[in-house]
Amino acid sequence: MRYLALVLSAPVLLAGAVDAKVLRIGNGGEPETLDPHRYNLRLEETILNDLFLGLTTFDAHGNIVPGAAERWSVSDDGLVWTFELREDGKWSDGQPVTAGDFVYAFRRLLDPATAASLAHFMYPVRNAAAVNAGELPPTALGVRAEAPRTLVVELEQPFPFFTERLIYPTGYPVPAHTVEDLGADWVKPGRMVSNGAFVLDDWQPHAHVTLRRNAHFHDADSVTLDGVRYLPTADSYAAFNRYRAGEIDAIGDFPSGEMDWVRKNLADHLRLTPLVSIMYLVFNVTRPPFDDVRVREALGIAIDRKLLTGRVMQSDEVPSASLVPPMVPGYRSAVAATGTRDARLERARDLLGDAGYGPDNPLNVTLRYISGDESKRVQVAIAAMWKDIGVATTLHHTELKSHFADLRQGNFEVAQAGWFGENNPEHYLNLLVSDTGDVNYGRFASAAFDALMDRAHAEADLARRIGLLREAETVGLAEHPVTPLYAVTIRALVDPRISGWHANPRNVHGARYLTWNER
Amino acid sequence: MTTYLARRLAASLVTLWAVVTVVFFLLRVAPGGPFDGERRLTPEVEANLRAAYHLDEPLVAQYARYLGMLLRGDLGPSFRSKDFTVNELIAGGLPVSLTVGGLALALAAGLGIAAGTGAALARDGPRDRWLTFAATAGLALPPIVVAPLLVLVFAVTLGWLPAGGFTTPAHAVLPAVALALPYLAAFTRLTRGSVAETLTAPHVRTALAKGLPTRRIVARHLLPPALIPVVSFLGPAAAALLAGSMVIEEVFSLPGLGRYFVQGALNRDYTLVMGTVVVYATLILVFNLAVDLLYSRLDPRIRLGRTGRGG
Amino acid sequence: MNDLFRHAALGNRWSRTCFLALCTVIVLAILVPAVSPWALDEVDWDAIDQAPAAAHWFGTDGVGRDLLTRSFSGARVSIAIALLATGVSVLIGMPYGAVAGFLGGRVDHVMMRIVDALYALPFVLFVILLIVVFGRNPYLLFIALGAVSWLDLARIVRGQTLAVRQEAYVDAARALGAGRARIVLRHVLPNVLGPAVVYATLTVPGVILAESFISFLGLGIQEPDTSWGVLIADGARTMQTSWWQLVFPATLLAVTLLACNVLGDRLRDALDRRDTVRPTPVAARDASA
């Protein structure tokens, strides 16, 4: 959901002498917090990824590589993970980073008093959910420091994607010594101590967050930038103008209407990156007539994804009939769109006819979406496609907060939704599990699908696990609870003088890998 | 006069209280809460968050808590900018909005009154024609067109002024101009109409008949009464400038109050919205009080604080 | 008065032109959506973001919808919003301001404090809150905009009334035993009509502009319906690459506002002609010499 705060992380630097080597990056919005345990937004991850180093981290190409942990091992049953921390890991005040810092951090994250909004990211850890619910004390959490540099984490169930889960800020260490001393003020500029390549220098709300390089970082010698300034460019049009005026060195989004102009005039700045993400339509299966699978299928197959991505969006979005983004490695979905557009429309009309709808009794649908230029274009196009099968669509947009509040309460018929984040199939398929909670917006429940997902979750062997997930998706999507549409494409503009910016499906570009080349 | 002021101030406080109350409850009726987002929150996490911000208390208790904090000058923690209090946020945003808004109001009122008077005094001439036309045309240009156009021309193409942000005085120029234009036009029209009408008043005619110098007539006899409707437009104009600033601050990426307000309302950041409303309301109340005082200076026939009826 | 304004309003030919322009916009707003081969929400898949051409005289928008049809459908909505909101504002604001100003004293005090209280609520917040609470409904938009615009008018009328009521002729009327209602009706209202009409002409563009603000913030009319505010907000974002998406709706809006303003002046002119209470005008040139 690019409209949200998705954003970017691209870099840049300024041409003038005064600010040399401080890259100015449009970050798509204002961070709500820089406390890694209280954060909630993708754009905060971008900044936190520069400030902190988790057990695992990203390389310049977005691959997951060892971070604060040098190496790790997993027990045969997949339940016990042992991490060996690097010798030279230091906080920005020179103190060593210890396994105790991680234990302190994990407990703090799950302590109900912290009110961490993404605490559930760590629920794979043993007793995490119970601790977060206040049923067990934080000390009952399945983490311990076996030696100053040896961290042991026990899980509830096998979770082969755990190293990926650890790259979220929820898995970052926090400096126990300053958090205890300063309380909530530990994140204030000038006081904040972190263990990443950069430290917090200044934060003016809605103006900028400025980081400077951390001399104590273990790999400080390879960092070429003096600092990074993240700007809260919430309005992509304003960001685009500021980029063109040379006030920003990289932006993660610009208005899609400018694509032709950019292709002609800024071709060497343009970086299109399909993001590991999925945009989809969700049907409220508890509300007639959307409890009728024929109606859902008819609406689903009437949508021509290629028309949507090729003509309406025009930014090389990747159409996807699968709920799992097409770029997720090692997963090949069995779900695909078949037949010509005419044949599909024909079938859609037949399905609607069977369900009792036709020219005399047209189906009326209210399609809800998030306010925003691009989102509007997509929904308008979908409404036009539905018109071809005789469906009358009422479009209804609300701003983000109301949209998701209504979705979570099941207050909709058909709605736009999106999901992004991890690069593994179950992150997406879990959306359709019946006990997933209110992010299963449509309240879809299929015993066959749930059973296959349960088997997958208990499976420690990755290949077999993925086979079960694939089977589950085929079974689940046959009921058409959702209509997957496409994976979002990030439209970044990056000054060509920046090197080290490599396109990758998670769209992460740590500032430590970026270099400004004055010409 | 002192009693009058005291009474006005007391009334202002009551007004402020009413505004705070209405907005407080209206916000809570709106669907969605500060913690709804695209990412999933478990019931446990949400309960933790609600408890941390006292949202689990009865509404009336929350209201009492808020009023208590307000009395101590504490606007509370921001729900969304979790690392800042609302006081800190407003301390950062208010100067930006006041700079841009004040500059815009000065531009609009100053130039508008001058142009309007000039037009009225030159009723037949080409000067009047052009000024009136320009003022009328100015009203026909929406800021949502003018502001991006100014950026495109003066920032992106010519590179004379910054396209966004707020770090130097130069950053205030384009936003203030974009904000001022429609009100400049409105002030011009209003002044022109009022001055033209005052020209027909007996005391002005007497002055004219006496053959006093034009400049003196304008300054002494013409402008003070003619500016009454103009002055009374200052209050609404200031309030409208604040409203307009929400769009302008968005276009120019200014870290101002208007942006906090819009973001706050969209994000259900209850305390931030309440805080900006309190500040807006206070500004407007103070401004209107000042306008009323100015009123009595301009037209001695209006006596303030009278309690009697009729003439 | 009459002469003065006839000349000031840029002459008769000019206002006739404006009147014609306004009528043309209104007639086209009624006709075009009715006779256009393209429906409001119809997508031409082969002509997305297309410049003006034979099939689409005003070009198409980013989804391939005909802008000619949409510009005039938007005209219907915008004009309706403006008329309704202005009507609401005049109906409430004028009597309110006149009564407050005329009665004066405690009543005036209370009435104006109420106006102040409403002022102190920044109106975009008011509208945003209403939209957020009650959902998006164009009628709500009218009511909200009308309900906030009358405040300005009330203050102006009240200010004018305060001055008028102390004029000698009002005292004279009172001395002759005229009732309060009669004085308001016969002497006060006619005298505040001028400023009220001028202000109402400022309200029409004001409402259309306010609607465009709200649309710019993404809180406007729901798709596929549209308004000038929505079209211009969209067009302003693409003005560099797809100029026609801004130029056509913005021109229509500008012409309409210009015409409203000029005609407003003329209307005031006409009202003043009926004004028998006023002293005869000073010859126009005397003061500017």
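Numbers restart at 1 for each chain; the letters A, B, ... are given by sequence-line order, proteins then strands.
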(message) Could you tell me if R28(B) sits above the aromatic ring of F24(B), with its cationic atom closer than 6.0 Å to the ring centre and no more than 45 degrees from the axis?
(response)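 Yes - R28(B) lies over the ring of F24(B), closer than 6.0 Å to its centre and within 45° of its axis.
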(request) Verify whether one side chain among Y63(B) and T21(B) offers a donor that lies under 3.5 Å from an acceptor in the other. (result)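 The answer is yes; a qualifying pair exists.
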(request) Would you tell me whether E45(A) and Y39(A) have side-chain atoms, one donor and one acceptor, within less than 3.5 Å of each other? (result) yes
In terms of heavy-atom proximity below 4.5 Å to chain B, should [X] be classed as side chain, backbone, both, or neither?
{"X": "A113(A)", "answer": "neither"}
{"X": "L110(A)", "answer": "neither"}
{"X": "A184(A)", "answer": "neither"}

(request) Please assess D269(B) against S78(B) for the test side chain to side chain donor-acceptor pair (under 3.5 Å), listing each intermediate value before the final yes or no. (result) CA-CA 7 Å; D269(B) 189 338; S78(B) 165; 2.7 Å; yes
(message) Between R165(A) and E422(A), does any NZ, NE, NH1 or NH2 come within less than 4.0 Å of an OD or OE carboxylate oxygen?
(response)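 Between R165(A) and E422(A) there is a salt bridge, with a charged N closer than 4.0 Å to a carboxylate O.
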(request) Could you check which of P112(A), P31(A), A245(A) has the highest count of heavy-atom pairs closer than 4.5 Å to chain B? (result)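 Most pairs with chain B among the choices: P112(A).
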(message) Under 4.5 Å from any heavy atom of chain A, what part of V251(B) do you find: side chain, backbone, both or neither?
(response) backbone
